[in-house]
2 protein chains.
Amino acid sequence: MTPPARSNEVSGSAADGPRTPALSVIERARRGGRTSDKVFEQLMEAIRGLRLLPGQPLSETELARELGVSRTPVREAIARLADAGLVDVVPQVGTTVSVIRLAEVEEARFIRESLEVAALKDAVPLSAADAAGLREVIERQRKALDAGDLEGFFGLDEALHERIFTLSGHRGAWTTVQRTKVHLDRMRRLVLPDRALIAEVIAEHDGIVDALESGDVATAERRVRAHAGRVPHLKGELQRDFPGYFA
Amino acid sequence: MTPPARSNEVSGSAADGPRTPALSVIERARRGGRTSDKVFEQLMEAIRGLRLLPGQPLSETELARELGVSRTPVREAIARLADAGLVDVVPQVGTTVSVIRLAEVEEARFIRESLEVAALKDAVPLSAADAAGLREVIERQRKALDAGDLEGFFGLDEALHERIFTLSGHRGAWTTVQRTKVHLDRMRRLVLPDRALIAEVIAEHDGIVDALESGDVATAERRVRAHAGRVPHLKGELQRDFPGYFA
DNA sequence: CGCGGAATACTTGTATGCAAGTATCCACCC
DNA sequence: GGGTGGATACTTGCATACAAGTATTCCGCG
């Protein structure tokens, strides 16, 4: 396993030269909010999107330089990320992007599956309008797949499941699910190039909405459980194809 | 509603004079770990234990002075607390302990109930030894109640439910539950003086273990749901008795 | 007495400097 | 050549100083 060398590269146009007079930071802060939050979100998105790879070492100093800010907001962001389990900080040694811990993946699967099953029971019966809304998201997923827009597919997948939670009246639970499934999401990214699998996923979505629409709770539950377990089931294969990414 | 005036009082022996030569901090750090973590845990425990009241204003400066540290670790701790929804930070205005948001209480109830029901299905059948272990915890709860040790009762309650999760093989899910139910925990603290209610809770625990031991999943599920919904059901009464604590 | 405005005293956000510890690398010795 | 020791270059943790903004308070005025 070759350590990817310390080159963080968070933002697409990173390393925008040494010219970042800190005033632009203040400007950004005025309009957009706290720089600390921005750094947090950037890092979060970079990790979830595998632009920062599992196990990759991070450096507060270098990160601060690349983003054109001081170490302080970077440190706060990293502290929050560490709390969420996305980075591992070893005092006086270094910080690394956390590897994908299979234990947490399994935990996320259990939580996601349990909560989604519990939610769908409060979502049925589904109104015709709501069902149509879900169908439309699935249709857009299909188009994204055809266009090769895997990123778009991913976002729509999130949107679909969030929508189901919202319809059940437990939208808040989706926030919790999202927080716990970061490791699982990274695993999903790894299997993303598999177009055949994506097609299957879309078919499963259709099947779930079918069951919800017809009010068949038992079938919906069975299909949701199968759906939630699909990616975690590939752990063996993925661990073989991506050594060093897992723990 | 009278704002409790800015006197944080986190540690029991707070305000230990202006004599805290910062070296003691380093000493503490050497043995105990990062001061940032200590501050985080102290604040966390203070909020959960209602020593810091809902809505109470906090001041980074004052907090740092009382704890004998600088603002930096306090800020990191507060950032993490804000992420967990325990404090509300308004830039350039102030920080307050978050009020008990009933929406989050309801969300926590849903999550706790759903996950515990899902877990118990993987916990049965319960071995005799495991059942005895749970019984022993309940017995200690009874003793704590008799001794008037409400704090001890609280800890044992946590221990019992954690144990059930552990027996189900989903101990990791307990961590998530604990993170989401902070608001709910504060509500439980408010009803803590009600000895009759506590006795009922203990009886419910007995009933749940009974059902688990006999392998009666349906009954166990029904009892767990009733148990999880007990405190949230008191929201109206509590909101009346403690105005200003809720939102 | 009521109202307006400016100075003031707070707040959090950011940048920077220093301290302490660890891993690495290179020279030196056996 | 192999092993050992020390200097060095990193790392993160903490403290402090400064910046920017907001709420308050108090004084002056009508």
Side-chain angles (χ1 to χ4, degrees), chain A residues 3 5-8 18 20-43 56-83 87-98, chain B residues 3 5-8 18 20-43 56-83 87-98:
Chain A
R6 281 187 183 276
S7 75
N8 297 319
T20 314
L23 285 177
S24 72
V25 175
I26 296 176
E27 273 304 308
R28 244 190 295 175
R30 282 193 351 116
R31 282 198 295 273
R34 285 170 288 198
T35 40
S36 165
D37 288 353
K38 284 205 161 189
V39 173
F40 175 78
E41 284 178 25
Q42 279 193 47
L43 289 176
Q56 175 171 350
L58 296 180
S59 164
E60 294 179 1
T61 310
E62 187 171 342
L63 222 41
R65 199 181 56 231
E66 287 182 8
L67 296 175
V69 300
S70 102
R71 269 186 61 209
T72 309
V74 173
R75 270 190 65 78
E76 284 190 10
I78 285 183
R80 292 163 64 187
L81 289 170
D83 227 34
V87 301
D88 298 324
V89 179
V90 181
Q92 269 68 0
V93 174
T95 302
T96 61
V97 177
S98 70
Chain B
R6 283 187 183 273
S7 76
N8 299 316
T20 313
L23 285 178
S24 71
V25 175
I26 297 176
E27 274 303 310
R28 245 191 292 175
R30 282 192 352 115
R31 284 196 295 272
R34 283 170 289 196
T35 41
S36 165
D37 289 352
K38 284 205 161 190
V39 172
F40 175 77
E41 283 177 26
Q42 279 192 48
L43 288 175
Q56 174 171 350
L58 296 179
S59 163
E60 294 179 1
T61 310
E62 188 170 343
L63 221 42
R65 199 181 57 230
E66 287 181 9
L67 296 174
V69 300
S70 103
R71 268 185 62 207
T72 308
V74 174
R75 269 189 65 79
E76 283 190 11
I78 286 184
R80 292 163 64 187
L81 290 170
D83 231 32
V87 301
D88 298 324
V89 178
V90 181
Q92 268 68 4
V93 174
T95 302
T96 60
V97 178
S98 70

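All chains are named by letter (A, B, ...) in the order of the sequence lines, taking the proteins before the strands, and each is independently numbered beginning at 1. Just so it is clear, the model here is predicted, and its values are computed rather than measured. Only heavy atoms go into these numbers, but all of them, side chains included; no hydrogens, no water, no symmetry mates.
- In the set C:dT22, D:dG13, C:dT11, C:dT11 carries the atom at the smallest distance from any side-chain atom of B:Gln92.
- Under 4.0 angstrom from either OP1 or OP2 of D:dC10 there lies no side-chain N or O belonging to A:Ser59.
- Of the residues near DNA chain D, A:Val90 and B:Ser70, the one whose nearest nucleotide (by heavy atom distance) lies more toward the 5' end is A:Val90.
- Atom CG of B:Leu67 is separated from atom C1' of D:dA15 by 15 Å (rounded to the nearest Å).
- Between the CD atom of B:Glu60 and the C1' atom of D:dA15 there is a distance of 14 Å, rounded to whole Å.
- Summarising the geometry, the separation between CD on A:Glu76 and P on C:dT12 is reported as 12 Å, rounded to the nearest angstrom.
- Under the side-chain hydrogen bond (donor to acceptor under 3.5 Å, both in side chains) criterion, B:Asp83 pairs with A:Arg80, sequence neighbours left out.
- Looking at which nucleotide of DNA chain D each of A:Thr61 and B:Thr72 is closest to, the 5′-most match is held by A:Thr61.
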Given side-chain contact (heavy atoms from CB on, under 4.5 Å), test B:Leu63 with B:Thr95 step by step and report yes or no. CA-CA 11 Å; B:Leu63 221 42; B:Thr95 302; over 6 Å; no
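- B:Asp88 meets the side-chain hydrogen bond (donor to acceptor under 3.5 Å, both in side chains) test with B:Arg101; sequence neighbours excluded.
- Computed from coordinates, the A:Arg34 CZ to C:dT11 C1' distance equals 13 Å when rounded to whole Å.
- The interatomic distance linking A:Gln56 (CD) with D:dT11 (P) rounds to 14 Å, in whole Å.
- Atom CD of B:Glu62 and atom C1' of C:dC10 are 12 Å apart (whole Å).
- Atom-to-atom, CG of B:Leu63 to C1' of C:dT11 comes out at 14 Å; the value is rounded to the nearest Å.
- Between B:Arg71 and A:Pro91, the one whose closest nucleotide on DNA chain C sits nearer the 5' end is B:Arg71.
- The shortest distance between the side-chain N/O atoms of A:Arg75 and the OP1/OP2 oxygens of D:dG13 is below 4.0 Å.
- Comparing atom distances between the A:Val93 side chain and each of C:dG13, C:dT22, C:dA15 picks out C:dT22 as nearest.
- The minimum heavy-atom distance linking A:Leu43 with A:Ala77 is given by the pair CD1-CB, 4.4 Å.
- Taking all atoms of both residues into account, the shortest heavy-atom contact from A:Val89 to B:Arg34 is CG1-NH1, 3.6 Å.
- For A:Arg65 and C:dT16, the CZ to C1' distance is 16 Å, given to the nearest whole Å.
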